[in-house]
Amino acid sequence: MKDVIKSGGEWISSLQLEELIAKLPGVAEVAVVGVPDRQWGERPIALVVARSAKDPSLAADVRKLVQEHVDDASLSKYAMPDRVILVEALEKTSVGKIDKRILRERYALS
């Protein structure tokens with residue numbers, strides 16, 4: 001499984017971003033995947049399942065949390081997801097793991 005995203009020559013760990021975002025109380029599940037980008041090669045997007053009904057502030061909370069880690073230099077500025085998308089569920093493989101291949105394909109088009 002591809003757990004790193006190469007954006008403009010910078011390597012971004014999707015696992016590191018997922019671990020960080022998962023700490024937010026409103027997040028039930030999260031997947032960070034790289035999608036094609038003409039300028040940078042790939043860019044990260046965060047797909048977030050809310051614990052309760054869709055919380056319109058959750059996407060902003062995710063961005064704020066990541067920005068705090070960019071500001072304190074524990075994350076590269078390239079790690080900021082281009083999009084934070086609230087979803088009802090994340091696609092899973094037959095053994096119950098998040099299927100990042102399907103997610104990359106689905107969200108590369110949007």
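In what follows, every heavy atom counts, from backbone to side chain, and hydrogens, waters and symmetry copies are set aside. Sequence positions, counted from 1, serve as the residue numbers for this chain.
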Check your understanding: What are the two closest heavy atoms between Ala79 and Pro44, and how far apart are they?
Key -> O-CG, 3.9 Å
Check your understanding: Can you name the one residue among Val66, Leu58, Val84 that meets side-chain contact (heavy atoms from CB on, under 4.5 Å) with Ile21?
Key -> Val66
**Study point:** Student check: side-chain heavy atoms of Glu88 and Val49 closer than 4.5 Å
**Key:** no
**Study point:** Side-chain heavy-atom pair Ile5, Val32 within 4.5 angstrom cut-off
**Key:** yes
Point to revise | From CG (Leu65) to CG (Leu17), nearest 0.5 Å | key: 9.5 Å
Review point. How long is the gap from CG on Leu75 to CG on Leu20, to the nearest 0.5 Å?
Key: 6.0 Å
Study note, to complete from the structure: Residues at least two apart in sequence or cross-chain that pass salt bridge (charged side-chain N to carboxylate O under 4.0 Å, His left out) with Glu19, listed by chain then number, are none
**Study point:** Check ion pair Arg104-Glu42 (N to O, under 4.0 angstrom)
**Key:** no
Check your understanding: So do the side chains of Leu103 and Glu105 get within less than 4.5 Å of each other, counting heavy atoms only?
Key -> no
Point to revise | Test log, rule side-chain contact (heavy atoms from CB on, under 4.5 Å), inputs Asp3 and Lys100 | key: CA-CA 9 Å; Asp3 291 322; Lys100 288 189 174 184; 3.8 Å; yes
Exercise for review: With the side chain counted from C-beta on, respond yes when Val48 and Val87 share a heavy-atom pair under 4.5 Å apart, and no when they do not.
Suggested key: no
Check your understanding: For the side chain of Ser13 and the backbone of Gln16, is there at least one donor-acceptor N/O pair under 3.5 Å apart?
Key -> yes
**Study point:** Test salt bridge (Lys or Arg N to Asp or Glu O under 4.0 Å) applied to Glu29 and Arg51, step by step
**Key:** CA-CA 8 Å; Glu29 271 188 307; Arg51 285 202 185 277; over 6 Å; no
Review point. How many angstroms lie between CH2 in Trp40 and CD in Glu10, if you round to the nearest 0.5 Å?
Key: 9.5 Å
Review point. So Arg43 and Asp82, salt bridge (Lys or Arg N to Asp or Glu O under 4.0 Å) or not? Walk me through it.
Key: CA-CA 7 Å; Arg43 290 296 301 140; Asp82 278 3; 3.0 Å; yes
Review point. Does some side-chain heavy atom of Met80 sit less than 4.5 Å from a side-chain heavy atom of Gln67?
Key: yes
Practice item. Quick one: pull up CZ in Arg63 and OG in Ser57 and give me the separation to the nearest 0.5 Å. Key: 14.0 Å
Check your understanding: Any sub-3.5 Å donor-acceptor pair from Ser74's side-chain atoms to His69's backbone N or O?
Key -> yes
Review point. Hey, what do you get for CD1 (Ile45) to OH (Tyr107), rounding to the nearest 0.5 Å?
Key: 7.5 Å
Point to revise | Exceeds 12 heavy-atom contacts within 6.0 angstrom, atom NZ of Lys92 | key: yes
Practice item. Kindly give the heavy-atom pair with the smallest separation between Ser7 and Ile12, and that separation in Å. Key: CB-CD1, 3.8 Å
Practice item. Determine whether Leu47 and Leu86 make a side-chain contact, defined as any pair of heavy atoms from C-beta on separated by less than 4.5 Å. Key: no
